Amino acid sequence: MSEKLLPQGAGYGVVIGMGLFFSGFMIVLTAVQARYTGFSPKSSEEFNSASRSIKPGLIAAGIVSAWTWAATLLQSSAVAYKFGLSGPWWYGAGATIQILLFAMLAAKLKLNAPYAHTWLEIVGQRWGKAAHLIFMFFGLATNIIVSSMLVLGGAATVTDLTGMHTVAASFLIPAGVAIYVVVGGMRSTLLCDYTHTAALFVIILTFIFTVYATSPKIGSPAKMYELLAQASIDNPLDGNAGGSYVTMRSKSGLIFGVINIVGNFATVFQDQAYWQRAIASRPGTTVKAYLLGGLAWFAIPFTFATTLGLAAVALKGDPDMRILSPADVSAGLPASAAAAALLGKSGAAAMLILLFLAVTSACSAELIAVSTIITYDVYKTYFNPNATEEQILRVGHIGVVAYAVVCGVAATIFFYIGISLGWLYTFMGVALGSAVVPIALSITWSKANKWGCLGGSIFGLIAGMIAWLVTTAKLHDGLLTVETTGGDYPMLAGNVASIISGGIISVVTSLIRPADFNWESTRAMNKIDPVAKEDEKSETSSEKKGEDVVAKAESIADSFDRAEEDNELDPVALTKAFNFAAWSSISLFVILILLIPLPLFFSQHIYTVGGFTGWVAIGISWTFCSAVAVVIYPVFESRSAIMQITRGVIKDVFSKGSGKYTEPPKASAA
Ligand SMILES: NC(N)=O
């Protein structure tokens, strides 16, 4: 292995130093919000669900941050390096549509189970213990695969840039995150996500401008085009029109696109992290948050990979560009190699920080998601149904720490058995795809048949595994290794068999023997009787005196006034929101997956320099719009809260103790 660009100390400095910095930041943030807004993570509902009161811009930033994995930056660049400009498109579009389509599930969640803490609670309430446990298996498997990819991808890059041992990085990355998640809970995690996302956009835009405007090695789209055209002559790409890097006609690109679409359905629909953001969201704006978040996220892999992934191709042969082995590409290293070739040590450092921010904010979403499942679906459901507030909170904290250790262990296991980020990324749909349709149906369709959905998930998984292994064996004379099983065709067969058979079994069974579920029990789930609640509140406040006690948020009623709550949970309004989510997300699906890429694929078009410049310009403009949506808009929408906090701080400065938040007198129910 070549000399490392940065010293090992830089790796430890970023992983431990920034981990501690964000923990400190979170402690301050939590103290500020408890003192000046009345929200405190000392309530379990606030810790896990942010009192279901978050506005759309911050939820969108939280979605972008949870969905920006190590793979979003590394794997997208690796497919740009391998397949040319079709790779970033298929990565971006193929993982955006799931977030857009999830807007429909989010609307149904607010309509059918507005007080749920987890999606598994809804399944359990509707279909009982067996379904709860089987879907919990799929849910937790999703979390473990996603978290392993995050930690593995982050750790591989830290090792590559600094020489820090991968196992040390695998444990230290989640450890730092666990501290700040325990301190801050869901609301502060979203605020911390926001700061990560803002920094992420600054670094990405820096790379974009370096490559397309200032770098003496590239410096413009026209020069990039020229270098890519030369690379197409030197190393023509098999399966691409004219062997070119600047065409959407790429057979391997398209295969990756299909695998990417299937795998990402599983990791959105089955990951509590996305349900949790819908749960934390205000009911009236959930759909808006998901559409905004999905569209904003697209720019990250698309433009980043169109920048650094293609730069890694363009710079092949440059003395500063290291030679990448197939294993390096599978580990997602083209982006960091290009960053280092373009900007030397500062490029490597920027890449290290970018990766750290992406991995930690997505990891925080996974930690709190799994901790919430452990709390409500394991502990409260099976061990202590009458758990007190304090016990729930304690289990939540233990869950975060325990899962951080699991993340480190899982990443270490994958590291030692030689499973890379790229392998795991393409495998996720084989293992998880079968449950996508059944899970979506269980929460949205009254006619969904329980046994059809369970059978679809299980038999779909078996079908996916068989298709994957049999295809590998056929193509490689029975040789099953990490390398042979990770090929394009075996992964394609496994992904498609898994999602299609799970979908067909669940839908056909439901059509033949439709259920007739009226959602009354899921709508009532966890709803607090206002009278009981008042009693509980007064007990709590007389039990625990002192400044710290902020009796907050057992239900939405605590976060909004009564009229707002009724208004936002109005079934007619939520049904309208669902319809809006349906037509807009399906239209965007058709545009992003069919109307734009397929004509370009079938026409075998190779971009001209003008066409390529336009393609890059769209990516850059989209990145700016995304930054406005998830960096500037959340500040604008929270201006009154920011003013409230500022007023509180000023009051405290001039008259110590006078700035503390006090509950406004309750208005009579309107
Ligand atoms: N979140 C993804 N698929 O990058």
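Note that this is a predicted model, so its numbers are computed, not measured. Start at 1 and go down the list; that is how both ligands and their atoms are numbered. We number each residue from 1, following the sequence as shown.
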From atom 3 (N) of ligand 1, work out which of N264, T72, V146 has a heavy atom at the shortest distance.
N264
In ligand 1, which numbered atoms sit nearer than 4.0 Å to a non-hydrogen atom of W67?
1 (N), 2 (C), 3 (N), 4 (O)
N-O pairing of R277 and D271 below 4.0 Å
no
Aromatic rings F207 and F304: how do their planes relate, parallel, tilted or perpendicular, breaks at 30° and 60°?
perpendicular
Salt bridge check: are R322 and D328 linked by an N-O gap of less than 4.0 Å?
yes
Quick look: W69 vs ligand 1, heavy-atom contacts under 4.0 Å, and the answer is side chain
Take the angle between the ring planes of F83 and F256 and call it parallel below 30°, perpendicular above 60°, tilted in between.
tilted
Just distances here: any N/O of W297 and N/O of ligand 1 closer than 3.5 Å?
no
Can you tell me how the ring of W297 sits relative to the ring of Y91, calling it parallel under 30°, perpendicular over 60° and tilted otherwise?
tilted
Atom indices of ligand 1, in the order listed, that fall short of 4.0 Å to a heavy atom of Y91
2 (C), 3 (N), 4 (O)
